[in-house]
Amino acid sequence: MAATSSPRVRFAPAPSGWLHVGSVRTALFNWLHARRHGGTFIFRIEDTDAERATEESMNSMLEAWTWLGLDWDEGVRIGGPYGPYRQSERGDLHRAVARRLEEAGHLYRDDRTAEETQAWRDERREAGLPPITKRSTTPAATGDRPATLRLALPEEGTITVTDLVRGEVTWDWAHESDPVLVRSDGSPTYPLANTTDDVAQGVTLVCRGEDLLSVTPRQIFLYDLLTRDGLIDDALEECGLPPRDPSWTHPTEFAHLSMIVGMDRKKLSKRHGSVAIQEFERQGFLPETLINYISLLGWAPGDGRERMDRDEIVEAFAFDNVGKAAAAFDVDKLTAFNGERIRDLSEAELAVRLLPFLDGTFGDALVTSPPSHEQQSRLEGLVPLVQERMQRLDEVQTYAPAFFVDDIELDPTSVEKVLHKAGAADALEAAHRALSALEDWSDAGVEQTLRGLLEELEMGARKVFQPVRVAVSGSSVSPPLFESVALLPRQLVLDRIEAAIQVAREGAV
RNA sequence: GCCCCCAUCGUCCAGCGGCCUAGGAUUCCACCCUUUCAAGGUGGCGACACGGGUUCGAAUCCCGUUGGGGGUGCCA
């Protein structure tokens, strides 16, 4: 059937905390697979744990995903034909499914409290026995206290899953503990909700983190129960939810992605610097850099390409070339990629991207929001001067003050190293005189004038240009000198040189 | 403890039995360019975890060891 050839995949995060790089990698690979094969990418929110799920977290995840320039075809906010897409709004369905499963004899009641179960597990472990809960060894519920509903998994035999990245993996049912599907308070758990929704929404391929690999056997077992005898369809109808497409079965393909770790091979965490996507935005990483870099964590197109845009990645993506080993997140390489991408931007585009780092959105406000005409043209003049010396957009903040603030502070080290050296005051006085008289206030004009000083003073370029650089930019490290001078108003440049002459004289005494 | 997964330069990947004296990227170092810092160019350092097999031949296949990771929840 034609309908089944079009994949349906989902990204289904639990909304607690921020979206971080590990989740983005999982979501991205799902998205890539959908786009590569003309499929559907579903953004579902799994907020069954009322204790941890927050609205704020959900919103920030959606924002981060959007910032990355990615979209979704069905899901929260935009809806779709198989909603709702927030699990908390599908509780009726999950309960209806549980009731039918129980009626069919697949579930059993376990009325031990969480504490009792935990104590039992500890005992088993101490005795060197596996703490596996099975129907045959669980004491019958008495009926007079709240009980959980557990799914009765097979007691023996094996199950083999063919994973797209891991190959064949086999488990022994005897080692699989019966999962709780319904808590003693009647609320559905992840194993129930996740599985039910995958089936109800026609998911064809499940791509997620390796941490969920061990959960796959019970999930497949459940998929089977749900689709057998139209159980899911009856439950859907009972709850007044949209029916499934008749061609759907249940997820048949799995892809478990390895973890992303820090450079120390430990689980990625705050200790490794940024993990939240918004943090990268704030630091001046381009969304396209993140997409490119993250796509290369555990995957490569196979032809040696590394710098790729989104469409190129979509075209080359395949689970066949996804690696099994955990990948370390290398900020240095990400940063190098980012620098290259910044250089690839047009000057106009870079100016737009730089604005949030100048208007106070991120960091100090050096320009008004929106910028004045004067500020805008100054920015446009600044862009070509800084473009090739930035790895991250936020670095513009080290260069920008000299161009947007009248009073600059002179860097003490630069003063010491440059202004307090013999000849500095002479060079500055000569520069002041020459620039005062300059008629053509342009890159070429300034260059010609300042170069002319070299012969006149019989001094080396370094001896002449460095003092002027410190005077005008405030530091011995700055964008190109002539262009910087030409970009500023003459009077401002002359004032700065004059101020620097005072400093140079003081140091010489 | 038990179950499962993983293992090529510091890091990310290529390699899928002979093309490998192991290739690219990144990092680091050197040199060139240069008025600073960059960018750019050139070159260099740097890895098949270990031990057994299989084979004419192994980074590639099998077994074991070691080392990492995940799971073992009324979290997801």
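A, B, ... follow the sequence lines: proteins, then strands. Residue 1 opens every chain. Source: prediction; values computed, not measured.
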Quiz item: At under 4.0 Å between heavy atoms, what does A/Y293 touch on the DNA or RNA strands: base, sugar-phosphate, or nothing?
Solution: nothing

Regarding the side chain of A/S184, the nearest nucleotide among B/rU35, B/rC74, B/rG70 is B/rC74

note: A/M259, atom CE; B/rC12, atom C1'; distance rounded to Å ~ 17 Å

Check: When we call it a touch if two heavy atoms are under 4.0 Å apart, what does A/P480 touch: a base, just sugar-phosphate, or nothing?
Finding: base

Exactly one of A/D110, A/D178, A/T138 clears side-chain hydrogen bond (donor to acceptor under 3.5 Å, both in side chains) with A/R150, and that residue is A/D110

Residues in residues 379-390 of chain A with a heavy atom under 4.0 Å of RNA chain B, by number, are A/E388, A/R389

Considering only heavy side-chain atoms of A/R218, the closest of B/rG40, B/rU36, B/rA76 is B/rA76

Under the side-chain hydrogen bond (donor to acceptor under 3.5 Å, both in side chains) criterion, do A/D122 and A/Q118 qualify, and how do the steps go? CA-CA 6 Å; A/D122 291 345; A/Q118 186 54 48; 3.1 Å; yes

Can a salt bridge be assigned to the pair A/E395 and A/R389 using a cut-off of 4.0 Å between side-chain N and carboxylate O?
no

Pairing partner of B/rC12, by Watson-Crick or G-U wobble and under 3.5 Å for both distances, is B/rG24

query = Base, sugar-phosphate, or nothing: which does A/T48 touch, judged by heavy atoms less than 4.0 Å apart?
reply = sugar-phosphate

Taking B/rG1, B/rA76, B/rU36 as options, the one with an atom nearest any side-chain atom of A/D49 is B/rA76

Sorted by position of nearest nucleotide on RNA chain B, 5' first, the leading residue of A/P301 and A/D211 is A/P301

**Q.** Salt-bridge contact A/D344-A/R341 (side-chain N to carboxylate O under 4.0 Å)
**A.** no

In whole angstroms, the gap separating P of B/rG71 from CG of A/D163 amounts to 17 Å

Report each atom pair, protein N/O against N/O of nucleotides 3-10 of chain B, whose distance is under 3.5 angstrom.
unit_1, atom_1, unit_2, atom_2, d
B/rC5, O2', A/R166, NH1, 2.5
B/rC5, O2', A/E210, OE2, 2.9
B/rG10, N2, A/D330, OD2, 3.3

Ring pair (Phe, Tyr, Trp, His ring centres under 6.0 Å) test vs A/F285 passes for just one of A/F357, A/Y293, A/F337, A/F280, namely A/F280

_Measuring only the P atom in each nucleotide, how far is B/rG70 from B/rG10? A whole number of Å is fine._
23 Å

Item to complete: Quote, to the nearest angstrom, the P distance that separates B/rG64 from B/rC5.
Response: 12 Å

A/R307 side chain near B/rG24 phosphate (N/O to OP1/OP2, under 4.0 Å): no

What pairs of nitrogen or oxygen atoms, one from the protein and one from nucleotides 58-61 of chain B, lie under 3.5 Å apart?
none

**Request:** Kindly say whether the aromatic ring centers of A/W299 and A/F319 come within a distance under 6.0 Å.
**Result:** no

Taking 4.0 angstrom as the limit, do A/R392 and A/D394 come out as a salt bridge? yes

Classify A/E395 by what it touches in the nucleic acid, base, sugar-phosphate, or nothing, heavy-atom distance under 4.0 Å.
nothing

In terms of heavy-atom contacts, A/T142 and A/D111 come closest through N-OD2, 3.0 Å

Are A/S475 and A/D411 close enough that a side-chain donor and a side-chain acceptor fall under 3.5 Å?
no

Sorted by chain and number, sequence neighbours left out, salt bridge (charged side-chain N to carboxylate O under 4.0 Å, His left out) with A/D330 holds for none

- Should A/E306 and A/K333 count as an ion pair when the cut-off is N to O under 4.0 Å? yes

Requested in this report: Considering only atom C1', compute the distance from B/rC3 to B/rU60 and round it to an integer number of Å.
Outcome: 28 Å

Contact class for A/L450 (heavy atom, under 4.0 Å): base, sugar-phosphate, or nothing?
nothing

Checking B/rC12, B/rU36, B/rG73 against the side chain of A/Q466 (C-beta onward), the nearest is B/rU36

When you compare B/rA47 with B/rU27, how far apart are their C1' atoms, in angstrom units rounded to a whole number?
15 Å

Rounded to whole Å, CD1 of A/I294 lies from C1' of B/rU11 at a distance of 16 Å

Exercise for the section: Indicate, yes or no, whether a donor-acceptor pair under 3.5 Å links the base of B/rG24 to the side chain of A/E306. Expected result: yes

Any strand, both distances under 3.5 Å, Watson-Crick or G-U wobble: B/rG40 pairs with B/rC32

Assert yes or no for the condition that the ring centre distance of A/W72 to A/Y85 is strictly below 6.0 Å. no

Answer for the Watson-Crick or wobble partner of B/rA49, both distances under 3.5 Å, is B/rU65

Gap in Å between the two C1' atoms, one belonging to B/rA14 and one to B/rA25, rounded
11 Å

Does the side chain of A/S57 pick up a donor-acceptor pair with the side chain of A/S16 at under 3.5 Å?
no

Looking only at B/rC75, B/rC13, B/rU11, the nucleotide nearest the A/A327 side chain is B/rC13

Regarding the side chain of A/R125, the nearest nucleotide among B/rU36, B/rU72, B/rC74 is B/rU72

Separation of the C1' atoms in B/rC20 and B/rC9, to the nearest angstrom
15 Å

Do any side-chain atoms of residues 458-467 of chain A form donor-acceptor pairs under 3.5 angstrom with protein atoms, and if so which ones, sequence neighbours left out?
unit_1, atom_1, unit_2, atom_2, d
A/Q466, OE1, A/R469, NE, 2.7

So which protein N/O to nucleotides 44-46 of chain B N/O distances come out below 3.5 Å?
none

Regarding the side chain of A/R121, the nearest nucleotide among B/rC74, B/rA25, B/rC37 is B/rC74

So CZ of A/R121 and CD of A/E126: to nearest 0.5 Å the spacing works out to 14.0 Å

Short side-chain N/O contact from A/R265 to OP1 or OP2 of B/rG69, under 4.0 Å: no

The nucleotide from B/rG69, B/rA76, B/rU35 with an atom nearest the side chain of A/K266 is B/rG69

Indicate, with a heavy-atom threshold strictly under 4.0 Å, whether A/G298 touches base, sugar-phosphate, or nothing. sugar-phosphate

In Watson-Crick or G-U wobble terms, with both distances under 3.5 Å, the base opposite B/rU54 is none

So A/R112, base contact, sugar-phosphate only, or nothing? Heavy-atom distance under 4.0 Å. base

(Q) With rounding to the closest Å, how many angstrom separate the P atoms on B/rA49 and B/rG67? (A) 16 Å

I'd like to know if A/R208 pairs up with A/E253 as an ion pair, taking the criterion as any Lys NZ or Arg NE/NH1/NH2 lying under 4.0 Å from an Asp or Glu carboxylate oxygen. no

Nearest-nucleotide check on RNA chain B, A/R183 vs A/R451; residue mapping nearer the 5' end is A/R451

Suppose you measure atom C1' in B/rU34 against the same atom in B/rG41; what distance do you get, rounded to whole Å?
13 Å

Legend entry - Presence of salt bridge, A/R307 and A/E340, under 4.0 angstrom: yes

